[in-house]
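None of the values given here were measured: they were computed from a predicted structure.
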Amino acid sequence: QVQLVESGGGLVQPGGSLRLSCVASGSIFSIYAMGWYRQAPGKQRELIARLTSGGSVNYADSVKGRFTISRDNAKNTVYLQMNSLKPEDTAVYYCNLKESFNKAPKWGQGTQVTVSS
């Protein structure tokens, strides 16, 4: 089965940067899309950024211009470069993989990002 392993979270000061990584492993025949979501305390999980195999990209309005999603297909890895971080970016960040349009997505375990001075 597919497993997602995330890394790169931690504590950073406002205005700082972090780069999250997510490696997908297991029996993967194809990848329709990979993306990043986040969930802050007391709030719903929300889409941050998403890449499809066709090359389309979606960003939440709150992170446009600050976050960049990218992938390395040979390594089945997706990255999230986060710049100009704000305290409101504090959340648990989750990796997401969708093997095809009709399949339910797979989720990583989540990694904590805390932005504070």
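Within the model, atoms CZ of R50 and CE of M34 stand 11.5 Å from one another, a figure rounded to the nearest 0.5 Å. Rounded to the nearest 0.5 angstrom, L85 CG and T114 OG1 are separated by 11.0 Å. Rounded to the nearest 0.5 angstrom, L47 CG and N96 CG are separated by 8.5 Å. Within the model, atoms SG of C22 and CG of L80 stand 10.5 Å from one another, a figure rounded to the nearest 0.5 Å. The structure places OG of S62 at 5.0 Å from CD1 of I48, a figure rounded to the nearest 0.5 Å. With values rounded to the nearest 0.5 angstrom, L51 atom CG is found 12.0 Å from W36 atom CH2.
V78 and V23 fall into different hydrophobic clusters, where Ile, Leu, Val, Met, Phe, Trp and Tyr are joined by side-chain heavy atoms under 4.5 Å apart, directly or via other members. The hydrophobic cluster containing V63 also contains V12, counting ILVMFWY residues as joined when their side-chain heavy atoms lie under 4.5 angstrom apart, directly or transitively.
D61 has a carboxylate O that lies under 4.0 Å from a charged side-chain N of K64, or vice versa, which qualifies the two as a salt bridge.
Side chain of T52 to backbone of Y32: no donor-acceptor contact under 3.5 angstrom is found. Side-chain N or O atoms of E99 include none that pairs as donor or acceptor with a backbone N or O of K103 at under 3.5 Å. In terms of modelled atom types and a separation under 3.5 Å, the side chain of T77 and the main chain of K75 share a donor-acceptor contact. The backbone N or O of K106 lies less than 3.5 Å from no partner atom in the side chain of K98, so there is not a single donor-acceptor pair.
The ring pair (Phe, Tyr, Trp, His ring centres under 6.0 Å) pairs that include a residue from residues 85-117 are Y37-W107, where partners are two or more places apart or lie in different chains. Counting only residues at least two apart or in different chains, side chain to side chain donor-acceptor pair (under 3.5 Å) contacts with residues 8-30 comprise S17-N83. Applying the disulfide bond (SG atoms under 2.5 Å apart) test to every pair with at least one member in residues 49-94, sequence neighbours left out, gives no pairs at all. Applying the ring pair (Phe, Tyr, Trp, His ring centres under 6.0 Å) test to every pair with at least one member in residues 56-88, sequence neighbours left out, gives no pairs at all.
Within the 4.5 Å cutoff, the side chain of I69 has heavy atoms near those of the V57 side chain. In this structure, I31 and S53 have side chains that are not in contact, with every pair of non-hydrogen atoms separated by 4.5 Å or more. R38 places a side-chain heavy atom less than 4.5 Å from the side chain of D89. In this structure, P87 and S116 have side chains that are not in contact, with every pair of non-hydrogen atoms separated by 4.5 Å or more.
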Check the pair V113, T90 against side-chain contact (heavy atoms from CB on, under 4.5 Å), reporting the backbone distance first and the verdict last. CA-CA 5 Å; V113 172; T90 296; over 6 Å; no
Can T111 and V92 be said to form a side-chain contact (heavy atoms from CB on, under 4.5 Å), step by step? CA-CA 5 Å; T111 183; V92 177; over 6 Å; no
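R45 pairs by the side-chain hydrogen bond (donor to acceptor under 3.5 Å, both in side chains) definition with nothing, not counting sequence neighbours. A search for salt bridge (Lys or Arg N to Asp or Glu O under 4.0 Å) contacts involving E6 returns nothing, not counting sequence neighbours.
Closest non-hydrogen pair, L97 versus A24, comes out as CD1-CB, 3.6 Å.
When the shell of 6.0 Å around CD of Q44 is examined, it contains 12 or fewer heavy atoms from other residues, nucleotides or ligands.
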